[in-house]
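Read the structure below first, then the notes.
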Amino acid sequence: MSQTGFPSALDFSKRRECNSVAAADNGQVITVCGWVYRYRDQGGVLFVDLRDRSGVVQVVFDMAIDAELLKKAESLRGEDVIAVIGKVRLRDKNAVNAKLATGEIEIVATTLELLSKAKPSPIPLDEHDQEASEELRLEYRFLDLRRKPMQEALRVRHEFIRTVRNFLDGEGFWEIETPILNKSTPEGARDFLVPSRLNAGEFYALPQSPQIFKQLLMVAGSERYYQIARCFRDEDLRRDRQPEFTQIDIEMSFIDKEMIMALNERLIAAAMQSAFGVTVDAKPERITYHDAMELYGNDKPDTRFAMQLTELGDWAALTEFKVFKGAAETGRLKALCVPGGASLSRKDIDDLTQWVMQDYKAKGLAWVKVSETGLESLITKFLPEAAQQELLKRTGAKAGDIIFFAGDRADIVFATLSALRLKLAEKLNLIPDTYKASWVVDFPLFDWDHETESLLSVHHPFTAPVPEDAHIVKAAANAACITPEMQKALLKVRSNAYDFVLNGVEIGGGSLRIHASDLQQAIFRLLKISDAEAESRFGFLLKGLTFGAPPHGGIAFGVDRVLMLGLKRASIRDVMAFPKTQKGTCLMSGAPSPVDEKQLRELYVKSTAPVAKVR
RNA sequence: GGGGUUGUAGCUCAGUUGGUUAGAGCAUCCGCCUGUCACGUGGAAGGCCGCGGGUUCGAGUCCCGUCAACCCCGCCA
């Protein structure tokens, strides 16, 4: 018996990776292990493409060399796990396979060990086969992950994170872990809760992000912290949203906004380069929130292509169209010129109209096509010559283009035109295949919540206002009541926050934090979080800020989304090893699942679900 | 919570206007083949047409419901 426990000369310590075998090994006797990727039985000779993590190499079983062994090899099937000892041989010139990295050589088998027999795979694993449905791929994820695109995703993901770790280590950051079992601070997303057995009726929450802990690490004098942090948010899923996801979480002390932005520009450039071989701007452009909304209708604009929105608020007066005039008075009127969009059929436009009405609450979708002879549309009769000329001038529209109009409440106008811009640019192939990053800055600090009639944090309540605007916050917080003027001023207060946007995807965001407890308390007051409530929810942070807190700030990047972009995958699930379905279930393990009554009793928990679902 | 797409052999799909025994490719099984490389080749087996109702002489096909996966809106500090 060998050390491996197999009755042969097999010695795993001698194993070579399949892809490493090369012409230089000619004549060597080597050991390779892996999965049977393909086999080609020719009768007297049988070829096996042996696959391991590194790649594929051809193994030959030849009747002329060992008829017994050939017989044994004839029973091999796809995905059997085998070990082969054999002699490396140069292939004949006409037998070289240029498509294979190891195509110059082959391994003539002298020993074959079947390490594990495989049932036929329920999903095709060959890169040339049609991909199985995602449902099956998720059920048999351990097989799906053997496939080349998935292996690549795991490898690149590792490479990306490795680069991030090395980079931040080189910049003096400490990787520090923060708790997963946490205090619930219901602000923003819904928490995942964990009942406490030792504290009847009480619950931990899984972290939506390590926000408060990373700030307290600054109070604790860590100065430069990072973490590849798992975050949890119990919200509905999307193509780019999973209930648990990974962030590069960063926090620094004694820095200003420029320092943070500059460091992260270098970090992302380095990681994109090493993981994807992609070069992104070392100095991404900066766009204010205001400009992003006005020009793209979106706070995470895809700036790889222009197609900027056109302001038509004052233009409406030139027309005789009541709908436009009304919108310009009570809301906003803007247009989107789509180059080449005149090719859209009437049905295309009808479909788009239905879509923006259904999804973005638009009341309709007005349009004009531009041709050599003039404007074509149902609404041209409302557009006098002067209005038509001015429209062409402002939008820069040329023959063959189409102009869409949106006149409504501001948020509806922005949402509608932004969605149209992205959808049509993609449909008409107007988006170049590049990577373009930008910072979005000068976000408002507060938003107005129509439901509760109160202020809301745009970012999170620990975000600092820009220094020039801090006095407005303090004055309003100290005032006996908020006057309408004050409220207006508050909604204009800019935050010291920044979002990193790559190809129209928000991949990171952060801010300078409030490090003074009085300003923090002022913000809570304005957010209608009472002293008592603030104390019970974030008391430990507030307390921390009173014991000597350094000026600090940070950022967090969504690892999964960056990988999605870098690998050009359609879904976040394709860059994660074990993702969940849109309903948050794991098709492989069956999670979530009912638990024993006993477990619930121990946790002082009683389910009020009508009836446990049978899956 | 709302809108949409899909569900037929192990897998990917086709299936006409509702009409005989539901097909193809790949995989599987049994053969043949000494240089293939997505090998080739001969044969065989393989079906709860997602599930439950309904309409009909007759349903994979039409209607209602339901389940699942996916996409979008709401939601996601």
query: What integer distance in Å separates A:Y39:OH from B:C37:P?
result: 15 Å

- prompt: Which whole number of Å gives the distance between the P atom of B:U17 and that of B:U61?
  reply: 15 Å

message: Taking the minimum atom-to-atom distance to the side chain of A:A189, which one of B:C37, B:U28, B:C76 wins?
response: B:C76

statement: Rounded to whole Å, the CD-P distance (A:Q242 to B:C76) equals 18 Å

Listed nucleotide nearest any side-chain atom of A:S571, set B:G35, B:C26, B:C71: B:C71

message: Can you check the distance between B:U55 and B:G65, where both ends of the measurement are the C1' atom (answer in whole Å)?
response: 15 Å

field: Under 4.0 angstrom between A:K583 side-chain N/O and B:C70 OP1 or OP2
entry: no

- line: A:R89 atom CZ is separated from B:G35 atom C1', nearest whole Å, by 9 Å

task: Looking only at side-chain atoms of A:V45, point me to the closest of B:U36, B:U34, B:C11.
output: B:U34

task: Classify the ring geometry between A:F557 and A:F500 as parallel (under 30°), tilted (30 to 60°) or perpendicular (over 60°).
output: perpendicular

task: Measure from CD on A:Q130 to P on B:C26 and round the result to the nearest Å.
output: 14 Å

- request: Please figure out whether A:D92 or A:Q358 has its closest RNA chain B nucleotide nearer the 5' end.
  value: A:Q358

query: Across all strands, who's sitting opposite B:A45 as a Watson-Crick or G-U wobble pair, both distances under 3.5 Å?
result: none

- request: Figure out the CD1/C1' separation between A:I412 and B:C73, and round it to whole Å.
  value: 13 Å

- prompt: Checking salt bridge (Lys or Arg N to Asp or Glu O under 4.0 Å) for the pair A:R137/A:E131: CA distance, chi angles, key distance, verdict?
  reply: CA-CA 9 Å; A:R137 288 175 50 212; A:E131 196 172 72; 3.4 Å; yes

task: Could you check which nucleotide pairs with B:U66 in any of the strands shown, counting Watson-Crick or G-U wobble with both distances under 3.5 Å?
output: B:G50

Any-strand Watson-Crick or G-U partner of B:G58, both distances under 3.5 Å: none

task: With A:K257 as the cation and A:W439 as the aromatic partner, state whether NZ or CZ is under 6.0 Å from the six-membered ring centre and within 45° of the axis.
output: no

- request: Using atom CG of A:D41 as one end and atom C1' of B:G35 as the other, report the distance to the nearest whole Å.
  value: 13 Å

statement: Taking B:U36, B:U34, B:A38 as options, the one with an atom nearest any side-chain atom of A:R91 is B:U36

field: Under 4.0 angstrom between A:Q42 side-chain N/O and B:G40 OP1 or OP2
entry: no

task: For A:W35, look at atom CH2 and say whether over 12 heavy atoms of other residues, nucleotides or ligands are found less than 6.0 Å away.
output: no

message: Heavy-atom nearest nucleotide on RNA chain B for A:S133 versus A:V60: which residue maps closer to 5'?
response: A:S133

task: Looking at every strand, decide which applies to A:A95 at a 4.0 Å heavy-atom threshold: base, sugar-phosphate, or nothing.
output: base

message: Students often get this wrong, so: under 4.0 angstrom with heavy atoms, is A:R241 touching a base, only sugar-phosphate, or nothing?
response: base

message: If you compare every side-chain N and O of A:R573 against the phosphate oxygens of B:C71 (OP1, OP2), does one of them come in below 4.0 Å?
response: yes

query: Looking only at atom C1', what distance separates B:G23 and B:G46, rounded to whole Å?
result: 13 Å

task: Counting heavy atoms from C-beta on, name the nucleotide in B:C71, B:U28, B:U12 closest to the side chain of A:P120.
output: B:U28

- line: Taken to the nearest whole Å, CD/A:E134 to P/B:U5 is 20 Å

- request: Name the nucleic acid region contacted by A:R77, choosing base, sugar-phosphate or nothing; use a 4.0 angstrom heavy-atom cut-off, strictly under.
  value: sugar-phosphate

- prompt: So, for A:F524 and A:F538, is the gap between ring centers shorter than 6.0 Å?
  reply: yes

- prompt: Taking OP1 and OP2 of B:C39, is either one under 4.0 Å from a side-chain nitrogen or oxygen of A:R40?
  reply: yes

- request: May I ask which nucleotide in the shown strands pairs with B:A24, Watson-Crick or G-U wobble, both distances under 3.5 Å?
  value: B:U12

query: When A:E251 is tested against each of A:Q215, A:R513, A:Q227 for side chain to side chain donor-acceptor pair (under 3.5 Å), which residue passes?
result: A:R513

task: Would you please confirm or rule out a distance under 4.0 Å between OP1 or OP2 of B:U28 and any side-chain N or O of A:S121?
output: no

A:T581 side chain near B:A69 phosphate (N/O to OP1/OP2, under 4.0 Å): yes

query: Using atom P of each nucleotide, how far apart are B:G42 and B:G25 to the nearest Å?
result: 11 Å

- prompt: Distance between the P atoms of B:U16 and B:U8, in whole angstroms?
  reply: 16 Å

query: Does A:R190 put a side-chain nitrogen or oxygen below 4.0 Å from OP1 or OP2 of B:C75?
result: no

statement: pair_partner(B:G40), Watson-Crick or wobble, both distances < 3.5 Å, evaluates to B:C32

query: Distance check: side-chain N/O of A:R238 vs OP1/OP2 of B:C75, anything under 4.0 Å?
result: no

query: Which of these nucleotides, B:C37, B:C73, B:A68, is closest to any side-chain atom of A:R38?
result: B:C37

- request: Determine the Euclidean distance between corresponding C1' atoms of B:C11 and B:A38; express it in Å to zero decimal places.
  value: 16 Å

query: Rounding to the closest angstrom, what is the interatomic distance between B:U41 and B:A22 at atom P?
result: 28 Å

- request: Considering non-hydrogen atoms only, spot the tightest contact between A:V473 and A:A522 and give its length.
  value: CG1-CB, 4.4 Å

message: So, does A:K361 get its side chain near the phosphate of B:C73, meaning an N or O under 4.0 Å from OP1 or OP2?
response: no

message: Between P on B:G31 and CD on A:E74, what's the gap in Å once rounded to a whole number?
response: 10 Å

query: Strictly by modelled atom types, are A:Q521 and A:D531 linked by a side-chain donor-acceptor pair under 3.5 Å?
result: no

query: In Watson-Crick or G-U wobble terms, both distances under 3.5 Å, what is the partner of B:U17?
result: none

